[in-house]
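Each ligand, and each atom within it, is numbered from 1 in the order the structure gives.
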Amino acid sequence: MTVRSSFVVVANRLPVDEVITPEGRQWRRSPGGLVTALHPVLAQHKGTWVGWAGGVGEAPEPFDLEGIRLHPVALSAEELERYYEGQSNATIWPLYHDAVETPVYKRRWREAYRIVNARFAEAAAEVAADGATVWVQDYQLQLVPAMLRELRPDLRIGFFLHIPFPPIELFMQMPLRAEVLRGLLGADLVGFQQRLAAQNFVRLARHLLGLRYEGQTIEVDGRRVKAGAFPISIDVAEMERMAADPMVQARAKQIRAELGDPKTVVLGVDRLDYTKGIERRLKAFRELLADGKLSVPEAVMVQVATPSRERVEHYQALRVKVEREVGRINGEFGRVGVPAVHYLHQSYSRSELAALYCASDVMMVTPLRDGMNLVAKEYVASRSDTGGSLVLSEFAGAAAEMRQAFLCNPHDPEGLKDALLRAAHVDSVEARRRMRIMQRHLRTHDVGHWARSFLNELGVPEAQ
Ligand code: ADP
Ligand code: G6P
């Protein structure tokens with residue numbers, strides 16, 4: 001029997017990881033701010049999360065975990081390739097990130113995107129109780145709001161885009177453009193990370209569909225669709241707690257010792273994604289070593305690059321380029337037992353990441369374009385010792401809130417090098433002042449604040 005919920009989240013991924021134990025398959029809640037933020041609302045409403053459980057073929061049966069109902073949606077191997085790797089991550093992802101890589105357009109990918117979006121919409125329609133609230137997440141599911149409204153006009157529908165929303169000129173490239181826009185307009189509230197993105201959206205509605213808008217509200221078929229900015233955040237209290245844990249602190253010391261107790265540890269932590277500016281960051285570090293402005297072993301860099309979307313060509317090409325650059329730097333500037341760059345193409349636990357954050361002097365967050373960038377926020381929240389300096393790209397959504405970081409334009413190599421040096425050499429009083437201001441902001445703008453702001457605006461009474 002299908003359990004029907006008054007609050008439903010729809011996202012490409014379910015917030016769980018599969019673990020194989022001697023007793024068989026089990027599910028564990030995956031770490032991450034989104035699930036933490038939505039967990040209380042979901043638990044309070046006997047909520048359901050609709051999403052893909054990973055893997056291909058038949059989906060597991062719906063199950064309960066820690067007070068949330070999880071409703072898996074199946075993807076075939078072909079759909080994984082066309083909907084997820086293709087349309088989502090080789091068309092929409094690069095296009096929405098300023099086309100920093102050339103978006104690829106394929107008819108069969110669009111078709112799969114429609115089919116899979118319809119499947120998610122049907123699943124949401126099946127589990128939503130009368131008059132329920134459904135909150136759809138991110139670029140993989142932009143057709144879902146309209147599809148769901150068609151099936152269930154009684155629902156209150158919200159949509160949040162975690163990545164940037166491009167300016168009209170770029171959006172207009174997409175063959176599926178009108179359908180995507182109409183898809184989003186199926187929601188009552190469309191949320192973005194930044195004001196500029198919300199503006200791009202309302203202007204696009206007029207440009208492409210001739211719709212009228214006033215302020216951030218668009219009129220569609222006699223309905224009013226609101227757009228707005230809701231910058232996402234992290235579970236700040238959890239990050240602070242974890243970083244203060246004596247085990248994490250001890251591990252941070254150990255990491256520094258393992259690195260040879262250098263004066264300056266420069267850190268990068270990203271998914272291995274071409275939007276993150278990893279290559280340019282490595283190049284900036286190499287040039288500073290070549291110019292003699294930094295030297296090994298006094299300065300070392302640690303670059304953690306989480307494997308991501310590994311079958312997509314852009315990602316394969318990036319990996320080759322990044323690994324070639326790391327090899328070049330170590331070849332020129334490393335010594336036996338003392339590499340200049342420690343490159344880790346691996347996933348880590350939250351506590352190991354926290355230890356890395358605490359072990360570093362300069363955190364480099366230098367995306368060419370990023371919706372928000374949670375790593376920047378995690379870094380600041382983890383440094384309650386007020387040590388460390390953050391170099392942050394102006395093109396990350398986080399830069400709108402974290403003006404005390406060493407802001408830089410990652411497209412400008414001299415600017416990037418200058419920011420890195422300033423962050424490395426800043427005096428500790430000034431560094432602490434900057435950190436404290438950013439920490440104060442984060443404490444009042446955590447992920448719970450984000451979820452409440454969005455749900456309040458959507459008119460979910462319990463969120464008030
Ligand atoms: P994106 O969503 O594009 O990957 P964000 O910076 O917003 O970028 O979020 C990345 C999330 O993934 C952060 O919560 C970060 O802690 C986590 N993460 C990044 N690298 C790793 C890693 N190597 N192991 C585990 N988690 C990671
Ligand atoms: C970004 C996207 C998310 C996505 C995540 C990881 O944060 O906004 O929707 O889940 O990257 O990417 P993946 O392709 O592994 O789900």
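For Phe171 and Phe165, the ring centers are positioned less than 6.0 Å apart. Note: Trp450 and Trp135 meet the aromatic proximity criterion, with ring centroids under 6.0 Å apart.
When side chains are defined from C-beta on, Met363 counts as touching Tyr357, because their heavy atoms get closer than 4.5 Å.
Which of His162, Glu310, Arg309, Arg13 comes nearest to atom 15 (O) of ligand 2 through a heavy atom is settled by distance: it is Arg13.
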Atom pairs, nitrogen or oxygen, ligand 1 to protein, under 3.5 angstrom:
| from | atom 1 | to | atom 2 | distance (Å) |
| --- | --- | --- | --- | --- |
| ligand 1 | 3 (O) | Arg271 | NH2 | 2.9 |
| ligand 1 | 3 (O) | Lys276 | NZ | 2.8 |
| ligand 1 | 4 (O) | Arg271 | NE | 2.7 |
| ligand 1 | 6 (O) | Leu374 | N | 3.1 |
| ligand 1 | 6 (O) | Val375 | N | 3.2 |
| ligand 1 | 7 (O) | Leu374 | N | 2.9 |
| ligand 1 | 8 (O) | Lys276 | NZ | 3.0 |
| ligand 1 | 14 (O) | Glu378 | OE2 | 2.5 |
| ligand 1 | 16 (O) | Arg350 | NH1 | 3.3 |
| ligand 1 | 16 (O) | Glu378 | OE1 | 2.6 |
| ligand 1 | 16 (O) | Glu378 | OE2 | 3.2 |
| ligand 1 | 20 (N) | Thr306 | OG1 | 2.7 |
| ligand 1 | 23 (N) | Thr306 | OG1 | 2.8 |
| ligand 1 | 23 (N) | Gln346 | O | 3.0 |
| ligand 1 | 24 (N) | Tyr348 | N | 2.7 |
| ligand 1 | 24 (N) | Tyr348 | O | 3.3 |

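For residues 68-83, the salt bridge (charged side-chain N to carboxylate O under 4.0 Å, His left out) pairs, not counting sequence neighbours, are Asp64-Arg69, Glu78-Arg82, Glu79-Arg119.
A distance-only check finds no donor-acceptor pair linking the side chain of His445 to the backbone of Pro231 [under 3.5 Å].
With salt bridges taken as basic N to acidic carboxylate O contacts below 4.0 Å, one links Arg422 and Asp418. Under the 4.0 Å criterion applied to side-chain N and carboxylate O atoms, Asp188 and Arg156 are not assigned as salt-bridge partners.
Contact annotation: Arg271 has at least one heavy atom less than 4.0 Å from an atom of ligand 2. At least one heavy atom of Asp138 sits closer than 4.0 Å to an atom of ligand 2.
Under the rule for a side-chain contact (heavy atoms from CB on, under 4.5 Å), the partners of Glu240 that lie at least two apart in sequence or sit in another chain are Val236, Arg443. Ala400 pairs by the side-chain contact (heavy atoms from CB on, under 4.5 Å) definition with Gln194, not counting sequence neighbours.
Remark: ligand 2 and Asn12 share no N or O pair separated by less than 3.5 Å (distance only, no angle test).
Within the listing of ligand 2, atoms 13 (P), 14 (O), 15 (O) sit less than 4.0 angstrom from a heavy atom of Tyr84. Listed by atom number, the atoms of ligand 2 under 4.0 Å from Ile163 heavy atoms are 8 (O).
For atom 12 (O) of ligand 2, the nearest protein heavy atom lies closer than 4.0 Å.
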